[in-house]
Amino acid sequence: MAIPTLPLAFIGWFFAIASFAALAIGVLNGFSWGRTGLEYFCWVLIALTLLSGGTRLATYRQHPQGERLTPRGWVVAVAGVMLVALPLIALCGVTILTLRSDEVRQQLERSRS
């Protein structure tokens, strides 16, 4: 009896969503692992976003020989990836920089005591 497997994309995004839910609770309640966990989550989300966009573009590139994408099709494909990837990467980057600031460290230490 074969065990059904889940697609890697599903596993990755499920991990991201489940981690976000746990981290939001951890940061809001001031747990000591909240800041480090949220920073790790942002790094993983950046990696998943880049891999997802790269996979999408690689799939477009591997069209059958007779059905080549037009230059307009490539522009639309790249624009679609950028429309999703750039805001997510920017948001995660700003979050990482904010979490590393001294003000946030002090605020989280105050909330724990």
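- A single hydrophobic cluster is not seen to contain both Phe14 and Ile46; linkage of ILVMFWY side chains at heavy-atom distances under 4.5 Å, directly or through other members, places them apart.
- Using a 4.5 Å cut-off between side-chain heavy atoms of Ile, Leu, Val, Met, Phe, Trp and Tyr, with links allowed through other members, Phe41 and Trp43 fall into different hydrophobic clusters.
- Put simply, Leu48 and Tyr40 are part of the same group of oily side chains (I, L, V, M, F, W, Y) that touch within less than 4.5 Å, one to the next.
- Here salt bridge (Lys or Arg N to Asp or Glu O under 4.0 Å) pairs that include residues 82-100, with residues two or more places apart or in two chains, are Glu39-Arg100.
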Without placing hydrogens or testing angles, list every side-chain donor-acceptor pair under 3.5 Å for residues 49-58, not counting sequence neighbours.
residue, atom, partner, partner atom, Å
Thr49, OG1, Leu45, O, 2.7
Thr55, OG1, Leu51, O, 2.7

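- Alongside Leu83, the hydrophobic cluster contains no other residue (criterion: ILVMFWY side chains under 4.5 Å).
- Leu88 is connected to Leu38 through a chain of hydrophobic side-chain contacts under 4.5 Å among Ile, Leu, Val, Met, Phe, Trp and Tyr, so both are in one cluster.
- Hydrophobic clustering keeps Leu97 apart from Val94 (ILVMFWY residues linked when any side-chain heavy atoms are closer than 4.5 Å, directly or through intermediates).
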